[in-house]
Chemist: 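Handing you this structure, nothing more for now.
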Amino acid sequence: MKQTYISEIGKHEGQKVTIRGWLYNKRSSGKLHFLQVRDGTGIVQCVVFKGDVSEEVFGRSDAATQESSVVVQGVVRADKRSAIGFEVGVTDLKIVQAAQEYPIAKKDHGVGFLMDHRHLWLRSSRQHAILRVRSEIVKACRDYYDERGFTLVDAPIFTPTACEGTTTLFETDYFGEKAYLTQSGQLYMEAAAMAFGKVYCFGPTFRAEKSKTRRHLTEFWMIEPEVAFYDLNDDMDLAEDFVAYVVARVLANRRPELLVLERDVAKLEQVQKPFPRISYDEALAILKEHGVDVPWGEDFGGDEETMLANHFDRPVLVHRYPARCKAFYMKGDPEDALKALCVDMLAPEGYGEIIGGGQREDDLETLERKIEEHGLPKEAFEWYLDVRRYGSVPHAGFGLGIERTVAWICGLKHVRETIPFPRMLERLRP
RNA sequence: UCCCCUGUAGCUCAAUCGGCAGAGCGAGUGGCUGUUAACCACUAGGUUGUAGGUUCAAGUCCUACCGGAGGAGCCA
């Protein structure tokens with residue numbers, strides 16, 4: 001008999017179906033066994049009544065252990081007591097494999113234990129919901145650019161040089177030469193934008209920073225659009241429209257998962273265009289109102305970002321930071337040489353920076369001077385300078401960190417749950 | 001790299017002033033025809049992270065190391 005997925009079970013009321021999955025939990029009451037069976041699309045209660053099945057089937061049901069793989073046959077019936085409105089009256093049960101004693105119990109576990117068992121933790125309903133939201137976010141990101149004439153141009157993972165300095169990169173041996181795992185595809189996207197106009201890349205990036213916070217991973221995913229002939233304002237328009245679109249998609253397609261996560265959906269529904277846009281100088285003024293005095297030229301710490309974000313009910317764009325706390329390729333503000341034409345987007349509710357980007361320096365001589373000022377080896381950037389030698393145009397782009405975005409939309413305390421197998425300062429396995 | 005907390009049964013935790021290592025969950029056995037982290041009864045389960053030290057006596061105090069957690073800094 002053909003397999004029926006639990007998500008489709010309501011269409012089969014009164015029919016005999018076959019469900020293949022795993023035993024999520026079991027309760028029993030003498031002659032009745034209540035098997036909670038999950039198949040990846042949902043969980044359904046399968047009721048085994050001693051009077052309805054053979055001695056063998058009832059015995060197998062009695063002996064079935066948590067997370068054993070099973071094939072259940074039975075009749076779908078509506079039941080008001082069920083969370084999904086239906087249950088299955090079992091007629092036959094086969095055990096594909098009888099699971100050993102399952103390490104993850106129904107009650108409390110510490111984070112360390114759960115992270116050690118991440119490969120099994122993925123089966124729990126909460127982790128399941130988070131990764132379904134992540135999947136939707138990734139799809140929404142791709143759809144957004146694909147539907148707007150962008151071309152996906154994948155950036156390399158192995159890179160010969162750092163964007164700026166080598167202290168935060170993972171070094172590898174590349175046939176006797178030093179290579180680094182990429183920390184951004186941006187420089188390659190700039191070259192690609194001059195070929196295709198509108199491009200994006202989406203892939204993993206790596207940072208060897210010894211950061212031990214709820215917002216950091218050593219391996220995380222980033223989507224980086226880059227557009228020829230865009231200035232800073234175009235860039236901010238794009239970032240705002242993009243983030244509003246992604247949030248709307250999750251609200252449209254993943255509400256049940258947000259419910260499982262007990263996310264305050266009203267806060268997400270407020271994420272509508274336009275987003276507030278403030279300059280770095282205005283941000284300093286807001287911080288001062290809250291009694292925090294950041295000297296001009298300093299970057300914001302986590303507390304300051306949270307304070308700024310809490311000032312608004314939706315993501316806020318902060319633009320024109322001091323040039324000295326930004327990368328060499330950022331274009332200087334023509335109205336104030338001390339400032340860069342850059343923008344960060346801070347997520348609400350203390351989730352921090354989810355986007356960083358800006359307009360790039362498009363003048364050859366200025367860029368050469370900046371590379372020198374930053375003490376970077378010019379020969380390594382010759383190919384990048386070529387982009388300015390042959391038909392340079394104003395252009396801009398940004399990078400959005402997927403994990404911080406997932407953490408924000410799901411309302412999670414820590415980014416470690418937003419990626420299937422997180423890589424962190426003290427954690428490489430499983 | 002720094003600061004702080006922490007390590008006791010498979011898991012989550014308790015153990016008063018340094019004085020008999022205990023509970024819940026999970027597991028096993030038995031019971032129960034509507035359970036929703038089911039419930040009830042019984043059973044098993046321990047080199048208290050490791051190595052030293054102080055003491056009549058250390059899970060408890062001290063030192064070092066190892067693991068875990070939170071925070072800071074770092075962080076296109």
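Protein chains get the first letters and strands the later ones, always in sequence-line order, with residue 1 at the start of each.
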Chemist: Any idea how F381(A) and Y384(A) line up, ring-wise: parallel (<30°), tilted (30 to 60°), or perpendicular (>60°)?
Modeler: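 Ring orientation, 0 to 90° scale: perpendicular.
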Chemist: Any base atoms under 4.0 Å from K50(A), or only sugar-phosphate, or nothing? Heavy atoms, all strands.
Modeler: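 Touches nothing.
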Chemist: Write down the distance between CD (E426(A)) and P (G70(B)), rounded to a whole number of angstrom.
Modeler: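 Rounded to the whole Å, the gap is 11 Å.
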Chemist: How would you label the contact of Q100(A) with the nucleic acid (heavy atoms, under 4.0 Å): base, sugar-phosphate, or nothing?
Modeler: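 Result for Q100(A) = nothing.
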Chemist: Rounded to the nearest angstrom, tell me the gap between atom CD in Q66(A) and atom C1' in C11(B).
Modeler: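 Between C1' of C11(B) and CD of Q66(A): 12 Å.
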Chemist: Taking atom CZ of F312(A) as the centre, report whether more than 12 heavy atoms of other residues, nucleotides or ligands fall under 6.0 Å from it.
Modeler: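 More than 12 within 6.0 Å, yes.
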Chemist: How are the rings of W383(A) and Y188(A) set to each other: parallel, tilted or perpendicular (split at 30° and 60°)?
Modeler: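 Parallel.
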Chemist: If you measure only the distance, is there a donor-acceptor pair under 3.5 Å linking the side chains of Q127(A) and R118(A)?
Modeler: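 Yes, a side-chain donor-acceptor pair sits under 3.5 Å.
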Chemist: What is the nucleic acid contact for R360(A), judged by heavy atoms within less than 4.0 Å: base, sugar-phosphate only, or nothing?
Modeler: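 The residue R360(A) makes no contact with any strand.
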Chemist: Using a 4.0 Å heavy-atom cut-off across all strands, classify M189(A) as base, sugar-phosphate, or nothing.
Modeler: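 Answer is nothing: M189(A) stays at 4.0 Å or more from every strand.
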Chemist: Identify whether any heavy atom of F34(A) sits under 4.0 Å from a base atom; if not, whether one sits that close to sugar-phosphate; answer base, sugar-phosphate or nothing.
Modeler: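 F34(A): base contact, heavy atoms under 4.0 Å.
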Chemist: Kindly say whether, by distance alone, the side chain of T168(A) makes a donor-acceptor pair under 3.5 Å with the base of C75(B)?
Modeler: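 It does not, because no donor-acceptor pair links the side chain of T168(A) to the base of C75(B) below 3.5 Å.
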Chemist: Touch check for R324(A), heavy atoms < 4.0 angstrom, all strands: base, sugar-phosphate only, or nothing?
Modeler: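 Nothing: the residue R324(A), judged by heavy atoms under 4.0 Å, touches no strand.
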